[in-house]
Amino acid sequence: GTEYSLEDLMMSDSGYRDYINKCIKADIMKSDLADAQLVKFETISENQNYYLSGEGLVVYFQQYEYFPYAAGIVEFTLPYADLPEYLKPGMIF
């Protein structure tokens, strides 16, 4: 298996980082995590942790990165159906 960064999968000029940030911020506000943030989420990192699930691209954060230990490892799923305009040609999931 090959390990890919988000930059390897996404077109650099597609605005994928802004899209992912917007989705994560919206999910935080919809959940009870907004008040639990240790540090306010602003943007994903250059080497952001993620994995591909059966449902979509899952961005996750380690404990204490933005949320307390009690929140566990917090994950945000972006459905594959929402990603085609951001993916490099030939990237199909």
Side-chain angles (χ1 to χ4, degrees):
T2 303
E3 194 170 310
Y4 293 99
S5 68
L6 284 174
E7 276 187 0
D8 295 331
L9 301 176
M10 307 291 187
M11 292 184 294
S12 59
D13 60 347
S14 67
Y16 77 91
R17 290 177 58 88
D18 291 336
Y19 173 72
I20 293 172
N21 291 334
K22 180 183 82 175
C23 291
I24 291 172
K25 287 176 183 178
D27 284 353
I28 289 171
M29 296 311 292
K30 284 190 253 177
S31 70
D32 59 351
L33 293 172
D35 293 332
Q37 292 181 87
L38 300 173
V39 176
K40 184 178 178 186
F41 173 78
E42 294 296 333
T43 187
I44 58 173
S45 67
E46 291 293 323
N47 57 350
Q48 182 61 52
N49 292 315
Y50 78 94
Y51 64 90
L52 303 174
S53 74
E55 298 180 18
L57 173 81
V58 181
V59 175
Y60 66 94
F61 300 102
Q62 297 296 332
Q63 295 168 329
Y64 297 115
E65 192 170 352
Y66 288 103
F67 306 99
Y69 179 84
I73 295 176
V74 179
E75 301 178 337
F76 301 93
T77 302
L78 291 86
Y80 292 125
D82 297 344
L83 298 176
E85 67 187 272
Y86 305 103
L87 295 172
K88 286 183 177 176
M91 292 292 172
I92 299 173
F93 303 109

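Because the structure is a prediction, the values reported are computed rather than measured.
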* Are the aromatic ring centres of Phe76 and Tyr60 under 6.0 angstrom apart? -> no
Is a side-chain N or O of [X] found less than 3.5 angstrom from the main chain of [Y], in a donor-acceptor match?
X	Y	answer
Tyr19	Leu83	no
Lys25	Phe41	no
Asn21	Ile44	yes
Asp27	Ile24	no
Lys88	Ser12	no

* **Residues Leu78, Val59; criterion side-chain contact (heavy atoms from CB on, under 4.5 Å); working and verdict** => CA-CA 8 Å; Leu78 291 86; Val59 175; 4.1 Å; yes
Around [X], counting heavy atoms of other residues, nucleotides and ligands shown, do more than 12 lie under 6.0 Å from its [atom1]?
X	atom1	value
Gln37	CD	yes
Asp8	CG	yes
Glu7	CD	no

Rounded distance (nearest 0.5 Å) linking atom [atom1] of [X] with atom [atom2] of [Y]:
X	Y	atom1	atom2	result
Asn47	Leu6	CG	CG	9.5 Å
Ile73	Gln62	CD1	CD	5.0 Å
Leu87	Ser14	CG	OG	8.0 Å
Leu57	Tyr16	CG	OH	10.5 Å

Contact summary for [X] and [Y], nearest pair of heavy atoms:
X	Y	answer
Ala36	Pro68	O-CD, 3.1 Å
Ser53	Val58	OG-CG2, 3.7 Å
Val39	Tyr66	O-CD2, 3.2 Å
Arg17	Ser45	NH1-O, 3.4 Å
Pro84	Ala81	CD-O, 3.3 Å

* Asked: Using a distance-only test with no angle check, is there a side-chain donor-acceptor pair under 3.5 angstrom linking Glu75 and Tyr51?
  -> yes
* Answer with yes or no whether the hydrophobic clustering places Met11 together with Ile20; edges join I, L, V, M, F, W, Y residues whose side-chain heavy atoms lie under 4.5 Å apart. => no
* Would a hydrophobic clustering, with Ile, Leu, Val, Met, Phe, Trp and Tyr connected at side-chain separations under 4.5 Å, put Leu52 with Met10? -> yes
* To do: For Leu38 and Tyr64, run side-chain contact (heavy atoms from CB on, under 4.5 Å): C-alpha distance rounded to whole Å, both residues' side-chain angles, the deciding distance at 0.1 Å, then the answer.
  => CA-CA 7 Å; Leu38 300 173; Tyr64 297 115; 4.0 Å; yes
